[in-house]
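The structure appears right after this line, and notes come after that.
Note that these values count all heavy atoms, side chains included, but never hydrogens, waters or copies made by symmetry. Read the numbers this way: they start at 1 and go in the same order the structure lists the ligands and their atoms.
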Amino acid sequence: MTATFDSLDPATGDVAGTYPEQGPDEVRAAVTRAQEAARWWSALSFGERAEHLTRWKGVLTRRMAQLVEVVHAETGKPYGDAQLEVVIAIDHLAWAASHAKKVLGVRNRAPGLLMANQAATVEYLPHGVVGVIGPWNYPVFTPMGSISYALAAGNAVVFKPSEYTPGVGVWLANSFAEAVPGHPVFQVVTGHGDTGAALCRAGVNKVAFTGSTRTGKRVMAACAENLIPVIIEAGGKDALLVDADADVDAAADAAVWGAMSNAGQTCTGIERAYVHHQVYDQFVAKVVDLARDIRVGSDDDAQIGPITMPAQLDVIRDHLTDAVARGATVLLGGPDAVGDRYVQPTILADVPQDARAITEETFGPTLTINKVADMDEAVTLANATRYGLGSAVFSASRGAALARRLRSGMTSVNSVIAFVGIPSLPFGGVGDSGFGRIHGPDGLKEFTYAKAVTRQRFAAPLALTTFSRQPKTDAQVAQAITVLHGGGGTLPAKPKRFPRPW
Ligand code: NDP
């Protein structure tokens with residue numbers, strides 16, 4: 001008999017659903033079925049695939065309330081937040097389906113003078129089967145950022161959802177099967193970490209992982225055994241910068257929502273704020289005011305829910321305790337704000353830069369605020385992290401300039417986390433936040449390999465790729481290349497004598 005595991009409602013501990021613990025044999029069988037389905041799917045035209053994906057999009061949209069219910073039950077997040085992640089995921093699916101041809105289809109390339117007799121084209125072909133390993137914090141939006149783009153690019157997908165949100169994964173795969181019956185182009189396998197590890201070794205052609213940096217390294221190591229390429233989206237320690245000329249009320253509102261929404265369990269959540277000394281007091285007062293009013297719970301009026309993964313409670317408490325022990329000032333909440341299931345909003349100020357609340361991902365409804373002398377210091381401190389996922393800047397006059405100096409994959413100026421809702425923008429990080437990109441044209445290309453084709457149109461005037469090449473040809477090539485490229489650097493613009501190439 002297949003072993004099973006329960007997914008629990010984090011607000012109550014009640015069983016939300018029971019799912020099979022799938023082992024290596026079952027995972028391999030799913031990948032084998034996916035390989036067959038991928039042959040059918042990849043042979044369709046972009047337009048045909050878009051039609052299927054549009055049908056799926058319709059199912060997702062019409063049944064949104066059902067999906068929102070599953071997300072709420074498994075993560076505890078408020079219905080409005082659950083709906084928001086579904087809505088953004090649908091928008092991404094629509095974008096991926098409608099832009100795949102333009103981004104990935106065959107394009108002519110200029111052959112250049114040396115190969116003027118060739119026609120050159122490039123197109124982007126699917127890898128085959130993509131394994132997607134997803135997290136629990138945004139169980140629809142995050143994996144769909146890989147699934148939608150991988151499918152639109154012509155791959156089949158086998159998805160391993162987090163052990164905390166298997167029901168969401170099963171719901172998504174079932175809805176796809178309804179829209180695209182008869183071909184298991186998108187399947188789900190359920191289980192714990194071992195199921196994810198098995199997926200990496202089951203014959204997939206690429207793996208897209210979202211989760212912790214530690215597990216990301218293990219996924220990479222498993223994939224390295226068979227030289228399977230990976231995308232790693234591994235969380236962050238995002239900073240928000242507030243300049244002297246910023247709209248302080250807007251910055252405070254964004255900081256509080258960026259740090260506290262989804263109970264802080266957001267990879268691009270704001271965890272640190274660096275604020276110009278001229279507006280520091282005003283910012284701090286406003287942030288504390290707003291954060292104090294956030295309603296925590298699971299009733300209809302709650303704005304943030306429970307901590308989905310119980311083990312995270314200890315991490316949050318440890319970070320807060322460590323910061324206080326190192327001299328941080330508690331402005332709201334604190335270590336005692338961490339309960340059995342819920343964490344009350346917590347604001348810390350003057351947090352030393354070596355505190356864990358500054359150096360490690362906290363993933364709770366907490367925010368550290370530090371005063372800076374100027375924006376150079378703000379940039380230096382924001383960049384002093386191993387992570388580099390997202391960031392935000394509030395500044396009236398130099399937002400874009402400051403944004404460019406921040407070492408992170410995405411930055412919002414005068415707003416927070418706005419980049420996730422723009423399907424044409426790439427999403428991904430640097431450093432311990434991982435590498436590779438989902439979303440947008442980069443996200444589509446991430447699930448393909450570039451295929452270059454040359455076609456000889458007529459015999460070359462200079463025959464280069466033959467053993468019958470003559471010294472005269474070599475001399476002509478040297479002459480041509482000197483005319484073309486000899487003008488750069490320290491070389492004379494027009495050499496008096498053409499050098500012999502030997
Ligand atoms: P993990 O990185 O452990 O898990 C992420 C996914 O990987 C889950 O589906 C998990 O399955 C799976 N997995 C676990 N072990 C392996 C393995 N050896 N091979 C392949 N897949 C595996 O994250 P956690 O959920 O444990 O959260 C830990 C921390 O990660 C959080 O505290 C937070 O800081 C960060 N995090 C970041 C996220 C982001 O958005 N970037 C999302 C979630 C967490 P299973 O759940 O069944 O163990």
Checklist entry - Hey, is CG on Asp340 packed in by over 12 heavy atoms from elsewhere, all under 6.0 Å? => result no
Item to check | Residue and atom name of the nearest protein heavy atom (relative to atom 8 (C) of ligand 1), distance in Å to one decimal | outcome: Gly134 O, 3.4 Å
Checklist entry - Out of curiosity, is Thr142 lining ligand 1, as in a heavy atom under 4.0 Å away? => result no
Checklist entry - Where does the angle between the aromatic ring planes of Phe427 and Phe141 fall among parallel (under 30°), tilted (30 to 60°) and perpendicular (over 60°)? => result perpendicular
Next on the checklist: Are any of the N/O atoms on Arg214, whether in the backbone or the side chain, positioned under 3.5 angstrom from an N/O atom of ligand 1?
Outcome noted: no
Next on the checklist: Both conditions, 6.0 Å and 45 degrees, for the charged tip of Lys206 above the ring of Tyr449: are they met here?
Outcome noted: no
Item to check | Ligand-side contact atoms (ligand 1) for residue partner Gly235, heavy atom cut-off under 4.0 Å | outcome: 41 (N)
Next on the checklist: Tell me whether Phe209 reaches ligand 1 (any heavy atom closer than 4.0 angstrom to a ligand atom).
Outcome noted: yes
Item to check | Contact atoms of ligand 1, heavy-atom distance to Ile133 under 4.0 Å | outcome: 6 (C), 7 (O), 9 (O), 12 (C), 20 (C), 21 (N)
Checklist outcome for this item: among protein heavy atoms, the one nearest atom 30 (O) of ligand 1 is Ser212 CB, 3.0 Å
Checklist outcome for this item: Here the gap from Tyr149 atom OH to Ile438 atom CD1, rounded to the nearest 0.5 Å, amounts to 8.0 Å
Item to check | Chi angles and distances behind the side-chain hydrogen bond (donor to acceptor under 3.5 Å, both in side chains) call for Asp6, Thr18 | outcome: CA-CA 4 Å; Asp6 293 333; Thr18 301; 2.8 Å; yes
Checklist entry - What atoms of ligand 1 come within less than 4.0 Å of a heavy atom belonging to Gly191? => result 47 (O)
Item to check | Nitrogen or oxygen atoms of Lys160 and ligand 1 under 3.5 Å apart | outcome: yes
Checklist entry - Are Asp289 and Lys286 close enough for a salt bridge, meaning some N to O gap below 4.0 Å? => result no
Next on the checklist: How far is atom 43 (C) of ligand 1 from the closest protein heavy atom, and which atom is that?
Outcome noted: Pro135 CB, 3.6 Å
Next on the checklist: Lys237 vs Glu271, test: salt bridge (Lys or Arg N to Asp or Glu O under 4.0 Å). Steps then yes/no.
Outcome noted: CA-CA 6 Å; Lys237 193 72 197 173; Glu271 299 213 354; 2.5 Å; yes
Next on the checklist: Suppose we measure from atom 19 (N) of ligand 1 to each protein heavy atom; which comes out shortest, and what is that distance?
Outcome noted: Ala197 N, 3.3 Å
Next on the checklist: Quick check on Asp299: does its CG atom have over 12 non-hydrogen neighbours (other residues, nucleotides or ligands) under 6.0 Å away?
Outcome noted: yes
Checklist outcome for this item: The atoms of ligand 1 lying under 4.0 Å from a heavy atom of Gly196, numbered in the order shown, are 19 (N), 20 (C), 21 (N)
Item to check | ligand 1 to Tyr164 polar contact by distance, N or O atoms, under 3.5 Å | outcome: no
Next on the checklist: Under 4.0 Å from a heavy atom of Gln312: which atoms of ligand 1 are those, numbered in the order shown and with their elements?
Outcome noted: 31 (C), 32 (O)
Next on the checklist: What protein heavy atom lies closest to atom 5 (C) of ligand 1? Include the residue and the distance to one decimal.
Outcome noted: Thr210 O, 3.6 Å
Checklist entry - Is the CE atom of Met309 crowded by more than 12 outside heavy atoms at less than 6.0 Å? => result yes
Item to check | Shortest protein contact, atom 17 (C) of ligand 1 (heavy atom only) | outcome: Gly193 O, 3.6 Å
Next on the checklist: Ring-plane angle category for Trp136 and Tyr164, please: parallel below 30°, perpendicular beyond 60°, tilted otherwise.
Outcome noted: perpendicular
Checklist entry - If you measure from atom 40 (O) of ligand 1 to every heavy atom of Cys267, Ser433, Ala311, which option wins on shortest distance? => result Cys267
Checklist entry - Backbone N or O of Arg295 within a donor-acceptor pair of the Gln303 side chain at under 3.5 Å? => result yes
Next on the checklist: Can you report which non-hydrogen protein atom sits closest to atom 25 (O) of ligand 1, along with the distance?
Outcome noted: Trp136 NE1, 2.5 Å
Checklist entry - Thr346 versus His319: any side-chain heavy-atom pair under 4.5 Å? => result no
Checklist entry - Parallel, tilted or perpendicular: which describes the rings of Phe176 and Trp41, with under 30° parallel and over 60° perpendicular? => result perpendicular
Item to check | Taking atom 48 (O) of ligand 1 as the reference point, the nearest protein heavy atom with its distance | outcome: Glu163 OE1, 2.7 Å
Next on the checklist: Quiz question for you: does at least one protein heavy atom lie closer than 4.0 Å to atom 34 (O) of ligand 1?
Outcome noted: yes
Checklist outcome for this item: Counting from 1 in the order shown, the ligand 1 atoms closer than 4.0 Å to a non-hydrogen atom of Ala234 are 41 (N)
